[in-house]
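Worksheet for the structure shown next.
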Protein chains: 2
Amino acid sequence: MYTLMVADDHPLFREAIGAVIASGLPDSLLLEADSLEGALLKAEEHEEVDLVLLDLGLPDAEGLSGLKQIRERRPDLPVAILSADQDRRTILDALDLGAVGYITKSTPRRDLLAALTRILEGQLYLPPDIMRRPPAEVQRQTPIDEDVRRRLSELTIKQLEVLIRLTHGASNKVIARELDIAETTVKTHVSAILRKLGVTGRVQAILAAGSADLDALLTERHELSR
Amino acid sequence: MYTLMVADDHPLFREAIGAVIASGLPDSLLLEADSLEGALLKAEEHEEVDLVLLDLGLPDAEGLSGLKQIRERRPDLPVAILSADQDRRTILDALDLGAVGYITKSTPRRDLLAALTRILEGQLYLPPDIMRRPPAEVQRQTPIDEDVRRRLSELTIKQLEVLIRLTHGASNKVIARELDIAETTVKTHVSAILRKLGVTGRVQAILAAGSADLDALLTERHELSR
DNA sequence: GACGCCCTCCTCCTTCGGTAGGAGGCGAGA
DNA sequence: TCTCGCCTCCTACCGAAGGAGGAGGGCGTC
């Protein structure tokens with residue numbers, strides 16, 4: 001005997017889910033809501049909600065923001081996402097926010113029931129087909145910053161030191177003070193950095209350095225020159 | 001009949017895993033490696049490896065870097081993590097890199113076997129106890145950028161548009177062209193942004209905006225004024 | 001010793017970024 | 001209607017950023 005809630009603004013879809021649950025999980029209580037607010041209200045009334053099935057297209061909660069709101073206001077509430085979105089990234093982000101499952105709307109009825117029972121039993125459910133077809137991302141990502149990495153590796157130690165401070169938003173003057181060198185010297189370094197990174201301004205340099213771990217690069221460089 | 005490989009530098013542990021597999025998955029072939037390089041070499045020899053169980057404490061691959069390397073060099077190879085690390089973040093990152101499962105070393109033998117078969121059947125396995133006890137993170141994270149969020153919400157629509165372009169590294173001139181307004185107007189907007197964000201230069205503004213989803217904020221704002 | 005690389009600093013100059021202050025137009029709401 | 005906030009644009013001024021070009025010193029290699 002479970003209490004479930006489906007939060008979806010499409011009545012027909014709620015109905016379909018209801019039918020699946022009625023057939024596969026008899027004597028379950030199914031609550032319905034067509035908005036995030038409605039879902040949270042209903043959840044107040046019924047203390048013992050075992051699972052919320054949350055659509056990602058709710059009118060008052062676009063995308064994962066709805067999940068985030070629920071997690072902030074009712075961290076005790078188990079939430080599974082029910083969405084047409086099959087993007088791997090979305091699924092991971094949902095997990096990140098604490099979702100206990102992710103069910104795509106294209107899931108066949110039989111699998112859907114299996115997924116629900118899995119989740120209700122305290123397991124986790126994710127679309128295996130998507131999660132098992134891992135990311136082109138790994139390949140896609142590396143060649144992009146492969147170029148940056150190569151350029152970064154051409155920087156000298158001092159230039160790296162300057163670049164690190166650039167990424168912290170420091171002005172030439174501040175950098176000069178911190179490194180105890182003249183501002184003109186800082187300018188020289190900055191110019192060299194811009195040239196080597198192939199960009200036209202400090203802002204671009206910061207964006208190019210992006211998420212690279214410059215501190216790691218720096219210590220690595222220090223060790224090399226040891 | 002599966003072919004599995006366990007990559008762990010602790011022989012005793014490999015032995016234990018071997019015993020579990022022998023008892024629960026008879027006539028499986030178990031390969032062993034004590035380093036990342038060794039694992040990749042062995043994987044070359046045996047084309048039909050169904051699953052690699054990767055420890056996160058390998059001497060030549062600290063943490064998730066080993067997983068990353070495998071994914072880059074052999075994206076076809078299904079890898080599950082086998083680690084003592086029970087950190088939620090680590091698990092999510094592993095998934096992110098394309099792991100097909102995550103098994104903690106504290107998993108009892110019975111559950112371990114269930115997890116392995118699940119993975120070998122093409123499902124996904126994650127430690128339910130950890131994943132179902134979701135993050136204090138949601139609360140921890142928000143107060144940090146609560147301040148930034150408040151400041152960002154004070155920006156007007158046009159100011160947001162300008163800020164978005166600032167974060168792309170655009171100069172005032174470029175922004176002026178893109179928005180089809182005079183550069184002096186852009187300057188006015190930029191000044192207002194700096195004042196409202198409480199920073200002293202465009203670089204600082206970009207860093208302050210940081211990871212905030214400005215585009216989302218913008219559409220949100222548009223909808224509000226509708 | 002000569003060469004190359006790096007770090008340091010300088011001057012001169014241009015462009016960019018940012019502030020201050022003012023001003024007109026426009027739409028929403030009291 | 002009048003007010004208020006927002007967007008638009010302007011002038012004037014000044015400091016920051018960056019390019020060009022030169023120059024000296026330290027350090028390691030051939």
Side-chain angles (χ1 to χ4, degrees), chain A residues 151-209 214 217-226, chain B residues 151-209 214 217-226:
Chain A
R151 290 163 185 265
L152 283 177
S153 69
E154 288 178 0
L155 297 180
T156 68
I157 291 182
K158 256 302 178 330
Q159 287 161 3
L160 263 179
E161 301 246 39
V162 171
L163 179 55
I164 287 172
R165 281 153 181 87
L166 279 185
T167 63
H168 295 156
S171 68
N172 291 341
K173 190 181 300 191
V174 169
I175 297 174
R177 255 203 304 276
E178 284 187 10
L179 296 182
D180 196 30
I181 55 181
E183 197 180 333
T184 54
T185 310
V186 176
K187 284 190 177 187
T188 308
H189 289 315
V190 171
S191 290
I193 291 170
L194 300 186
R195 187 163 21 82
K196 287 184 178 175
L197 294 187
V199 294
T200 60
R202 67 210 285 111
V203 178
Q204 297 288 343
I206 294 169
L207 296 175
L214 299 176
L217 258 176
L218 181 58
T219 56
E220 187 183 310
R221 192 67 55 81
H222 271 133
E223 280 164 14
L224 273 176
S225 69
R226 237 182 8 194
Chain B
R151 291 164 185 267
L152 284 178
S153 70
E154 288 178 3
L155 298 181
T156 68
I157 291 182
K158 256 303 175 329
Q159 287 162 4
L160 263 179
E161 301 247 39
V162 171
L163 179 54
I164 287 173
R165 281 154 181 88
L166 280 184
T167 63
H168 295 343
S171 68
N172 290 340
K173 191 180 300 193
V174 169
I175 297 174
R177 255 205 303 279
E178 285 188 9
L179 296 182
D180 195 31
I181 54 181
E183 198 180 332
T184 53
T185 310
V186 176
K187 284 189 175 186
T188 309
H189 290 314
V190 171
S191 288
I193 291 169
L194 301 184
R195 189 163 20 83
K196 288 184 179 175
L197 294 187
V199 295
T200 60
R202 66 207 288 109
V203 178
Q204 297 289 344
I206 294 169
L207 296 175
L214 299 177
L217 258 176
L218 182 58
T219 55
E220 188 182 308
R221 193 66 56 80
H222 272 133
E223 281 164 12
L224 274 175
S225 70
R226 236 180 11 192

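Order of the sequence lines fixes the chain letters, A, B, ..., with proteins taken first and strands second; residue numbering starts at 1 for each chain.
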- Message: Please report the distance, rounded to the nearest Å, between CG in B:Leu166 and C1' in C:dG18.
- Response: 12 Å

- In sequence, state the C-alpha distance, the side-chain angles, and the governing distance for B:Leu179 and B:Arg165, and then conclude on side chain to side chain contact (heavy atoms under 4.5 Å, CB included). CA-CA 10 Å; B:Leu179 296 182; B:Arg165 281 154 181 88; 3.5 Å; yes

- Between the NZ atom in A:Lys196 and the NE2 atom in A:His189, the distance rounded to the nearest 0.5 Å is 10.5 Å

- B:Thr188 near the nucleic acid: base, sugar-phosphate alone, or nothing, with a heavy-atom cut-off under 4.0 Å? base

- May I ask you to say what A:Lys187 touches in the nucleic acid, namely base, sugar-phosphate or nothing, with a heavy-atom cut-off under 4.0 Å? base

- Starting at atom NZ of A:Lys173, determine the distance to atom P of C:dG18, rounded to an integer number of angstrom. 15 Å

- Item | Nearest heavy atoms of B:Leu194 and B:Ala205, plus distance in Å | CD2-CB, 3.8 Å

- Message: When you measure from the side chain of A:Gln159 to the backbone of A:Ile193, do you find a donor-acceptor pair of N or O atoms at a distance under 3.5 Å?
- Response: no

- Rounded to the nearest Å, what distance is computed from the CG atom of residue A:Asn172 to the P atom of nucleotide C:dC10? 14 Å

- Task: To the nearest 0.5 angstrom, please state how far the CG atom of B:Leu152 sits from the CG atom of B:Leu217.
- Result: 6.0 Å

- C:dT8 phosphate, OP1 or OP2: any side-chain N/O from A:His189 under 4.0 angstrom? yes

- Contact nearer the 5' end of DNA chain C, comparing B:Val190 with A:Glu183: A:Glu183

- Query: Starting at CZ of A:Arg195 and ending at P of C:dC6, how long is that distance when rounded to a whole Å?
  - Reply: 10 Å

- Check the pair A:Arg202, A:Asn172 against side chain to side chain contact (heavy atoms under 4.5 Å, CB included), reporting the backbone distance first and the verdict last. CA-CA 10 Å; A:Arg202 67 210 285 111; A:Asn172 291 341; 3.0 Å; yes

- Task: Pick base, sugar-phosphate or nothing for B:Ser171, based on heavy-atom distances below 4.0 Å to the nucleic acid.
- Result: sugar-phosphate

- Note on the structure: Here the gap from B:Thr167 atom OG1 to B:Leu207 atom CG, rounded to the nearest 0.5 Å, amounts to 11.0 Å

- Can you find a side chain N or O atom of A:Lys158 that sits less than 4.0 Å from OP1 or OP2 on C:dC6? no

- Message: Please classify the nucleic acid contact of A:Thr156 as base, sugar-phosphate, or nothing, using heavy-atom distances under 4.0 Å.
- Response: sugar-phosphate

- Message: What is the separation between atom CG on A:Leu155 and atom P on C:dC7, rounded to the nearest whole Å?
- Response: 10 Å

- Query: Hey, where on DNA chain D does chain B first and last touch, going 5' to 3'? Cut-off is any atom under 4.0 Å from a heavy atom.
  - Reply: D:dC6 to D:dT11

- Note on the structure: Of the listed C:dG18, C:dC7, C:dC16, the closest approach to the B:Leu194 side chain comes from C:dG18

